[in-house]
**Student:** 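Before I ask anything, let me first share the structure, which is written out below as structure tokens.
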Amino acid sequence: MNSKIEKLYLNCPEIIQNVLISISGLREKRLRYNGIYPQFYRSISENFKMDRQQQEQYQIDQLRRLIYTVAPKVPYYRELFSQIKLPSPDKFQLSDLEKIPILNKQVLRCQPETFLSSDANKKRLITIHTTGTTGTPLKVFCNAEVRQKNYAFFSRFLDSVGIDPAGSRATIGGRLLVKGWQSKPPFWRYSFFQKSLLLSSYHLSDSNIGSYIEILRKKKPSYIDAYPSSVYSIADYASRNRISLEGITDAIVTSAETLLGYQKELIEETFRAPVYDQYGSVEMCVFVAQCRSGQYHLHSDYSYVELLNEKGHKAAPGEEAEVICTGFINDVMPLIRYRIGDRVLTPSWEQKPCECGSGFPLIKKILGREDDVIRTPDGRKVGRLSGVLKGYPVREAQFIQFKADEIEILIVKDSQYNSYTEKSIIDEMLKRTGPSVKVIIKHVDSIERGKGGKMRHVICNIKPE
Ligand SMILES: [Zn+2]
């Protein structure tokens with residue numbers, strides 16, 4: 001929505017807003033599920049049964065198509081390929097991909113148009129802007145077909161965990177549905193044709209959550225689709241106030257933020273429903289999702305993903321790795337060996353078929369954004385900060401750094417929080433940073449949500465050396 005339309009919408013009465021949301025929902029539904037969607041969905045529906053060898057062949061075929069047919073229509077790759085020597089298409093092997101240099105986000109951010117295929121129909125172009133947390137947002141170009149393919153992958157994931165993609169849904173997200181300063185419910189709108197209850201993630205506070213629970217209990221969506229921090233706020237409120245959320249929904253799907261262990265535990269316990277986490281990106285070049293057995297699978301027919309360690313080599317089992325990906329679905333703006341800026345933990349066990357029956361490779365954990373780290377005075381990057389708070393009575397927290405030798409932790413206290421908790425948290429922090437850093441704890445009533453209503457766990461304003 002552009003800002004003018006948004007302003008008009010926000011000034012309409014609730015009933016008109018519901019109509020407008022429903023109309024735009026109908027358009028969205030058509031865009032998602034028409035066109036090539038049904039046929040494409042069928043074509044990928046059985047791919048998870050592929051064994052390792054079949055997956056590799058599938059990926060080689062896709063990479064060949066991408067490199068020799070799609071990329072030459074893209075100015076950036078035309079220029080790049082004139083400088084490197086690639087084998088002829090029939091000789092191409094996975095190892096040849098490494099001849100193409102890794103693409104950094106900065107290049108894409110500065111010159112998105114150079115990645116646009118000359119084949120793309122400009123009139124049918126869809127531009128997606130990321131809710132970049134720092135710096136200039138990223139522009140991603142695609143078209144209706146690309147989005148249909150993307151939704152087909154999402155539907156396949158929902159299907160695989162027993163959720164009907166066409167079923168009723170409640171989405172707690174960052175869309176501006178009601179005025180930011182509104183203090184009384186409803187903080188939601190209903191999209192009639194999509195059977196979707198859309199709830200604002202900006203208004204989740206102790207004084208409002210009761211009304212969220214009421215509407216969810218009334219609508220009983222088949223599944224809830226939310227940022228981990230949003231649905232966790234509801235679970236946490238319910239747990240503190242001994243409110244049962246059982247029977248509200250059959251499943252919860254989380255995405256867009258790193259799902260932390262304690263969040264998943266409490267959400268599942270209070271809702272008595274499973275949480276399935278999905279990790280993707282606006283650039284549409286990685287798709288990881290949890291299966292029925294709770295394992296993260298890398299959907300290898302969506303993209304080719306390289307997991308590289310700090311030295312730039314293939315990560316060993318159990319090692320932290322950065323995600324370098326080559327997407328298969330967006331021919332309008334193909335990205336090859338793209339450094340997406342997220343880190344994962346590779347499994348420490350041998351890859352073997354999962355209990356769920358999927359042959360897609362496993363990832364142990366999504367660690368999150370590369371920039372979800374703080375920097376110490378001696379130049380180290382310290383990540384995975386949720387461990388600092390593990391087991392302590394803290395409802396929400398945010399780590400903020402403006403100076404190399406000072407970390408601020410904003411904390412929303414839980415009832416058992418006391419001076420001992422505070423001292424322990426500081427000690428935990430110092431174990432990671434070293435004693436030369438000053439840790440300041442500030443108590444707040446809530447953590448402000450960033451762009452798109454997402455919660456950022458770490459904000460570091462120190463530029464890397
Ligand atoms: Zn599985």
Side-chain angles (χ1 to χ4, degrees), residues 1 28 32 105 128-135 137-140 142 147 150-151 153-155 157-158 161 163 165 169-177 188 196-204 212 221 223-235 249 251-264 267 274-290 296-299 302-303 305 323 325 327 338 340-344 363 365-372 383-386 396-398 447-459:
M1 239 193 278
E28 207 173 271
R32 286 181 182 190
K105 209 167 247 192
I128 310 171
H129 297 269
T130 63
T131 52
T133 42
T134 47
L138 208 61
K139 247 196 221 174
V140 177
C142 64
R147 299 198 80 176
N150 204 40
Y151 287 121
F153 277 99
F154 198 76
S155 298
F157 150 58
L158 294 180
V161 292
I163 299 173
R169 172 178 64 150
T171 300
I172 312 170
R175 199 157 149 185
L176 264 183
L177 297 162
W188 49 82
S196 285
L197 178 69
L198 308 171
L199 304 106
S200 160
S201 70
Y202 299 103
H203 296 78
L204 284 166
Y212 279 76
Y223 73 103
I224 296 175
D225 179 7
Y227 301 141
S229 63
S230 303
V231 65
Y232 175 76
S233 301
I234 297 176
T249 191
I252 293 136
V253 171
T254 54
S255 61
E257 293 171 358
T258 311
L259 171 70
L260 306 169
Y262 70 87
Q263 293 176 322
K264 183 177 160 89
I267 298 167
V275 172
Y276 300 108
D277 191 33
Q278 188 264 341
Y279 156 69
S281 75
V282 182
E283 294 95 320
M284 291 178 278
C285 49
V286 61
F287 194 105
V288 175
Q290 279 185 315
Y296 282 102
H297 284 274
L298 182 60
H299 291 226
Y302 185 86
S303 61
V305 172
V323 177
C325 45
Y338 176 59
I340 201 150
D342 287 316
R343 294 176 308 130
V344 300
I363 278 178
K365 217 173 182 181
I366 314 282
L367 299 174
R369 308 277 328 145
E370 192 84 55
D371 50 10
D372 270 357
R384 300 168 73 178
L385 292 167
S386 56
E396 273 183 349
Q398 188 174 49
I447 306 274
E448 206 179 311
R449 268 39 181 176
K451 285 182 194 160
K454 278 197 231 176
M455 155 116 176
R456 288 188 69 193
H457 292 288
V458 184
I459 298 174

**Student:** Would you check if the side chain of Tyr212 reaches a backbone N or O of Ser200 as a donor-acceptor pair within less than 3.5 Å?
**Tutor:**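 Pair found, side chain donor or acceptor close to backbone of Ser200.
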
**Student:** Is the backbone of Cys285 close enough, under 3.5 Å, to the side chain of Ser303 for a donor and an acceptor to pair up by distance?
**Tutor:**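 Side chain of Ser303 to backbone of Cys285, a donor-acceptor pair under 3.5 Å: yes, one is there.
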
**Student:** Do Leu158 and Val253 have side chains that approach each other closer than 4.5 Å (heavy atoms only, starting at C-beta)?
**Tutor:**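 Leu158 vs Val253: side chains touch.
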
**Student:** Mind checking the CZ-CZ spacing from Phe153 to Phe287? Nearest 0.5 Å is all I need.
**Tutor:**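 Rounded to the nearest 0.5 Å, the CZ-CZ separation comes out at 8.0 Å.
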
**Student:** Take Tyr262 and Tyr232, measure what ring-ring contact (aromatic ring centres under 6.0 Å, His included) needs, and give me the verdict at the end.
**Tutor:** CA-CA 9 Å; Tyr262 70 87; Tyr232 175 76; 5.4 Å; yes

**Student:** Specify the closest pair of heavy atoms between Leu204 and Ile234, including all atoms of both residues, with the distance to one decimal.
**Tutor:**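 The pair with the smallest heavy-atom distance is CD2-CG1, 3.8 Å.
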
**Student:** Could you measure the distance from the CG atom of Asp342 to the OG atom of Ser281? Nearest 0.5 Å is fine.
**Tutor:**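 Reported to 0.5 Å precision, the distance equals 8.0 Å.
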
**Student:** Using 0.5 Å steps for rounding, measure from the OH atom of Tyr296 to the CD1 atom of Ile363.
**Tutor:**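 Those atoms lie 10.0 Å apart.
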
**Student:** As a quick check of understanding, evaluate side chain to side chain contact (heavy atoms under 4.5 Å, CB included) for Ile128 and Met284, giving each step before the final call.
**Tutor:** CA-CA 11 Å; Ile128 310 171; Met284 291 178 278; 4.3 Å; yes

**Student:** Among side-chain atoms of Tyr202 and Arg449, is any donor-acceptor pair under 3.5 angstrom?
**Tutor:**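 No, no side-chain donor-acceptor contact under 3.5 Å.
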
**Student:** Check the surroundings of atom NZ in Lys105: do more than 12 heavy atoms from other residues, nucleotides or ligands lie under 6.0 Å from it?
**Tutor:**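 Yes, enclosed.
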
**Student:** Between Gln278 and Thr254 (side chain of the first, backbone of the second, donor and acceptor by atom type, cut-off under 3.5 Å), is there such a pair?
**Tutor:**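 Not confirmed, Gln278 side chain does not pair with Thr254 backbone.
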
**Student:** Locate the shortest heavy-atom distance separating Ser233 from Glu396; write the atom from each residue and the value.
**Tutor:**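 Closest approach of Ser233 to Glu396: OG-OE2, 3.6 Å.
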
**Student:** Evaluate the side chain to side chain contact (heavy atoms under 4.5 Å, CB included) criterion for residues Leu367 and Thr258: first the C-alpha distance (whole Å), next the side-chain angles of each, then the deciding distance (0.1 Å), finally the verdict.
**Tutor:** CA-CA 7 Å; Leu367 299 174; Thr258 311; over 6 Å; no

**Student:** Got a donor-acceptor contact below 3.5 angstrom from the Gln290 side chain to the Asp277 backbone?
**Tutor:**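 Between the backbone of Asp277 and the side chain of Gln290 there is a qualifying donor-acceptor contact (under 3.5 Å).
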
**Student:** Return the minimal non-hydrogen interatomic distance between Leu177 and Leu198, and the atom names on each side.
**Tutor:**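 Smallest interatomic distance, heavy atoms only, reads CD1-O, 3.3 Å.
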
**Student:** So which atom in His297 and which in His299 form the shortest heavy-atom distance, rounded to 0.1 Å?
**Tutor:**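 Distance-wise, the nearest heavy atoms are O-CD2, 3.3 Å.
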
**Student:** Without swapping roles, check the side chain of Thr249 against the backbone of Pro221 for a donor-acceptor pair under 3.5 Å.
**Tutor:**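 Between the backbone of Pro221 and the side chain of Thr249 there is a qualifying donor-acceptor contact (under 3.5 Å).
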
**Student:** To the nearest 0.5 Å, what is the distance between CG (Leu197) and OG1 (Thr171)?
**Tutor:**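 These two atoms lie 8.0 Å from each other.
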
**Student:** Would the distance check show the side chain of Ser201 and the main-chain N or O of Gly173 forming a donor-acceptor pair, the cut-off being under 3.5 Å?
**Tutor:**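 Answer holds: yes.
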
**Student:** Is there a side chain to side chain contact (heavy atoms under 4.5 Å, CB included) between Ile340 and Val286? Walk through the geometry before answering.
**Tutor:** CA-CA 9 Å; Ile340 201 150; Val286 61; 3.9 Å; yes

**Student:** For His457 and Ala397, work out which heavy atoms get closest and say how close.
**Tutor:**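 Residues His457 and Ala397, closest heavy atoms: ND1-O, 4.1 Å.
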
**Student:** Set out, in order, the CA-CA distance, both residues' side-chain angles and the distance that settles ring-ring contact (aromatic ring centres under 6.0 Å, His included) for Phe154 and Phe157, then state yes or no.
**Tutor:** CA-CA 5 Å; Phe154 198 76; Phe157 150 58; 5.5 Å; yes

**Student:** Going through the distances and angles, do Ile172 and Ile224 end up as a side chain to side chain contact (heavy atoms under 4.5 Å, CB included)?
**Tutor:** CA-CA 8 Å; Ile172 312 170; Ile224 296 175; 4.1 Å; yes

**Student:** Check whether Ser230 reaches the backbone of Ala226 with its side chain - one donor and one acceptor, N or O, closer than 3.5 Å.
**Tutor:**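 Judged by distance alone, no pair lies under 3.5 Å.
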
**Student:** Using modelled atom types and a 3.5 Å cut-off, is there a donor and acceptor pairing between side-chain atoms of Lys264 and backbone atoms of Leu259?
**Tutor:**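 Side chain of Lys264 to backbone of Leu259, a donor-acceptor pair under 3.5 Å: no, none is there.
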
**Student:** Side chain of Gln398, backbone of Ile459: donor and acceptor closer than 3.5 Å?
**Tutor:**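 Here the side-chain-to-backbone pair does not exist.
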
